[in-house]
Amino acid sequence: MSVKLFQTLSDKYSEIINKEVGVTDDSGIIISHSNFQMIGQQDPNAAAFLQEKNLQQTINGRIYNKVVVKNKVEFVTFIQSSEPQDIKYLELFTLNILNLKSYYDEKYDKNTFIKNIIVENILPGDILVRSKELHIDYNAMRVVFLVNATSERDIHVHEVIESLFPNKSKDFVVVIDNDNVVLVKEVKSKDDYKEVFKIARIIIDTLNAELMVKASIGIGTIIANLKDITKSYKEAQMSMIIGHIFSEENNIYDYNNLGIGRLVYHIPTSLCQLFLDEVFKDNSADSLDNETMLTIQKFFENNLNVSETARQLYIHRNTLVYRLEKIKRLTGLELTSFDDAVIFKLAILVKKYLANIND
């Protein structure tokens, strides 16, 4: 425990400056003290000081200093003195307490360990050793969810996700940046993708209900050991990128179900442009207005069925036939032909892809 490190530091400081020093928790209970017998006792002055806004205060012959970690008071340090020159000693002591806390969290915090795997800040050979030290199952089945969302409210996205998955020995929530949070979730089997999708939907619905934020999730593949968390994370990233380009109407993107968007994404842009120039000569696609594009979308959704498409668009069948003839005049493609429909569908995806990467 970091408390043992605090005690060692307190003993050394007291020995050097010949004054009593110590640390309390965020309720005023002494957790380390150069006088060992004081540990575990309530310091009423520290408890009172915690209710004040000041970061530093002298009370009854002791100088107190708040130790703030991530905008939250974690500890209070103190020195048995009221002499102004001793404030520097206390500030140095406080700085060392902060460094020890950071060191302890870096070495023993499970979420920090998982984050280091994700960002490849740990050698692959060290992962097994560290997992044993932290009592984390190395060979459990896991999957990575990359959650993209922001909230203007006091409660943060990662706190909501942590409340959904409180088992911190199996599930890990890691903050990547202001907009992205990763959930590394243990699953029962390598084929448990129905359950994985259900979990993603629960996260989306909860964030929407509690924070009223628009969130999206990229899902990686299920992996069999801790070392491959990085792989699943990169797949979740790729899912998010491809999903936002080709399926922006959705908010859950699964690496196993990216469809034709995966293929288009990996085609060199030069070949994509050549293909577009071949299909849409003289930029004929730019002549298609929003109404025409909606007609095409519905036509594809209904498997090229003219009657059903007309019904869903609330137009006469002849009106739809006229629109399809107009598309043929502009592009040279007859969408009632399966081959031409496939070419057109692919060309629209390619056009969307190029538009996104050029933004």
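These figures come from a predicted structure and were not determined experimentally.
Ion pairing of Asp340 with Lys328 is absent here, as no side-chain N (NZ or NE/NH1/NH2) approaches a carboxylate O to less than 4.0 Å.
Between the side chains of Asp86 and Ser81, a donor-acceptor pair is found at a separation under 3.5 Å. For the residue pair Thr58 / Ser82, no side-chain donor-acceptor distance below 3.5 Å is found, with atom types taken as modelled. With 3.5 Å as the limit, one finds no donor-acceptor pair spanning the side chains of Asn148 and Asp179. Side-chain contact annotation: Asn302 with Asn305, donor-acceptor N/O pair under 3.5 Å absent.
Residue Asp177 qualifies as enclosed at atom CG: its count of foreign heavy atoms under 6.0 Å is above 12. Around the CG atom of Asn54, the shell of radius 6.0 Å holds more than 12 heavy atoms that belong to other residues, nucleotides or ligands. Within a 6.0 Å radius of OH in Tyr89, no more than 12 heavy atoms belonging to other residues, nucleotides or ligands are found. Crowding of Gln37 atom CD: a count of heavy atoms from other residues, nucleotides or ligands under 6.0 Å not exceeding 12. Dense packing is recorded around CG of Asn167, with more than 12 heavy atoms of other residues, nucleotides or ligands lying under 6.0 Å away. No more than 12 heavy-atom neighbours from other residues, nucleotides or ligands sit within 6.0 angstrom of OH on Tyr265. More than 12 heavy atoms of other residues, nucleotides or ligands shown are found within 6.0 angstrom of NZ on Lys352. Atom OH of Tyr138 is surrounded by more than 12 heavy atoms from other residues, nucleotides or ligands within 6.0 Å.
Criterion: ILVMFWY side-chain heavy atoms under 4.5 Å apart, direct or through other members. Under it, Val321 and Phe300 are part of a common hydrophobic cluster. Val76 and Leu95 are assigned to two separate hydrophobic clusters, defined by single-linkage of ILVMFWY side chains at heavy-atom distances under 4.5 Å. Cluster membership check: Leu100 does not share its hydrophobic cluster with Ile39, using side-chain heavy-atom separations under 4.5 Å among Ile, Leu, Val, Met, Phe, Trp and Tyr. Under the 4.5 Å side-chain contact rule for hydrophobic residues, Val342 and Leu263 do not share a cluster. In the hydrophobic cluster analysis, where Ile, Leu, Val, Met, Phe, Trp and Tyr join through side-chain heavy atoms closer than 4.5 angstrom, Ile357 is grouped together with Leu276.
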Verify side-chain contact (heavy atoms from CB on, under 4.5 Å) between Thr221 and Val143, making sure each step is shown before the conclusion. CA-CA 6 Å; Thr221 56; Val143 64; over 6 Å; no
Verify side-chain contact (heavy atoms from CB on, under 4.5 Å) between Gln297 and Lys345, making sure each step is shown before the conclusion. CA-CA 9 Å; Gln297 180 184 332; Lys345 176 72 172 178; over 6 Å; no
For salt bridge (Lys or Arg N to Asp or Glu O under 4.0 Å), just list the numbers for Asp205 and Arg201, CA-CA rounded to whole Å, side-chain angles, deciding distance to a tenth of an Å, and then say yes or no. CA-CA 6 Å; Asp205 292 345; Arg201 175 51 58 196; 3.6 Å; yes
Tyr193 vs Val187, side-chain contact (heavy atoms from CB on, under 4.5 Å): CA-CA, chis, key distance, verdict: CA-CA 9 Å; Tyr193 283 103; Val187 293; over 6 Å; no
Assess whether salt bridge (Lys or Arg N to Asp or Glu O under 4.0 Å) is satisfied between Arg317 and Glu308, documenting all intermediate values. CA-CA 9 Å; Arg317 188 177 189 281; Glu308 182 60 24; over 6 Å; no
Before giving the answer on side-chain contact (heavy atoms from CB on, under 4.5 Å), spell out for Thr292 and Arg323 the whole-Å C-alpha distance, their side-chain angles and the decisive distance to 0.1 Å. CA-CA 7 Å; Thr292 304; Arg323 290 182 185 178; 5.9 Å; no
Please test Glu325 against Arg329 for salt bridge (Lys or Arg N to Asp or Glu O under 4.0 Å), starting from the C-alpha separation and ending with a verdict. CA-CA 6 Å; Glu325 285 294 331; Arg329 288 196 307 272; 5.4 Å; no
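When all heavy atoms are compared, the tightest approach of Lys19 to Ser14 is O-OG, 3.1 Å. Taking each heavy atom of Leu146 and Ala236 in turn, the nearest pair found is CB-CB, 3.9 Å. Considering all non-hydrogen atoms of both residues, Ile127 and Phe113 come closest at O-CZ, 3.6 Å. Between Ser10 and Val21 the shortest heavy-atom distance is O-CG2, 3.4 Å. Contact between Thr295 and Thr309 at its shortest, heavy atoms only, is O-CG2, 4.3 Å. Between Lys53 and Lys66 the shortest heavy-atom distance is C-NZ, 4.0 Å.
Taking 4.5 Å as the limit, every side-chain heavy atom of Leu90 sits out of range of all side-chain heavy atoms of Tyr64. Counting heavy atoms from C-beta on, the side chains of Tyr233 and Val119 never come closer than 4.5 Å. For the pair Leu274 and Leu271, the minimum side-chain heavy-atom distance is below 4.5 Å. Within the 4.5 Å cutoff, no side-chain heavy atoms of Asn180 are placed close to those of Val147. Looking at Gln56 and Ile63, their side chains come closer than 4.5 Å, going by heavy atoms from C-beta outward. Between Val23 and Phe93, some side-chain heavy-atom pair lies under the 4.5 Å cut-off. Under the 4.5 Å side-chain criterion, counting only non-hydrogen atoms from C-beta, Leu288 is in contact with Leu330. In this structure, the side chains of Leu258 and Ser239 come closer than 4.5 Å at one or more pairs of heavy atoms.
For the atom pair Asp25 CG and Ile31 CD1, the distance stands at 6.0 Å (nearest 0.5 Å). Atom-to-atom distance recorded for Lys168:NZ and Ile136:CD1 is 13.0 Å, nearest 0.5 angstrom. Taken to the nearest 0.5 Å, the CG atom of Leu324 stands 9.0 Å off from the CD atom of Glu334. With values rounded to the nearest 0.5 angstrom, Ile252 atom CD1 is found 6.0 Å from Ile219 atom CD1. To the nearest 0.5 Å, atom CD of residue Gln80 and atom OG of residue Ser34 are 8.5 Å apart. To the nearest 0.5 Å, atoms CD1 (Ile260) and CZ (Phe246) are separated by 9.0 Å.
At distances below 3.5 Å, at least one donor-acceptor pair connects side-chain atoms of Ser131 with backbone N or O atoms of Leu128. Panel note: side chain Ser232, backbone Asp228; no donor-acceptor pair is recorded below 3.5 Å.
Between His33 and Phe78, the two ring planes are tilted [angle within 30° to 60°].
Partner of Ile217 under the side chain to side chain contact (heavy atoms under 4.5 Å, CB included) criterion, chosen from Leu183, Val181, Ile203: Ile203. Tested against Arg142, the residues Asp137, Asp171, Ile114 include a single side chain to side chain contact (heavy atoms under 4.5 Å, CB included) partner, Asp137.
In this structure, the ring of Phe280 has its center no less than 6.0 angstrom from the ring center of Phe275. Taking the six-membered ring for Trp, Tyr353 and His266 have ring centres at least 6.0 Å apart. Here Phe6 and Phe75 bring their ring centres to under 6.0 angstrom of each other.
Relative to the six-membered ring of Phe165, Lys185 misses at least one condition, a distance below 6.0 Å or an angle of at most 45° to the axis. Under the 6.0 Å distance and 45° angle rule, Arg262 counts as a cation-pi partner of Tyr255.
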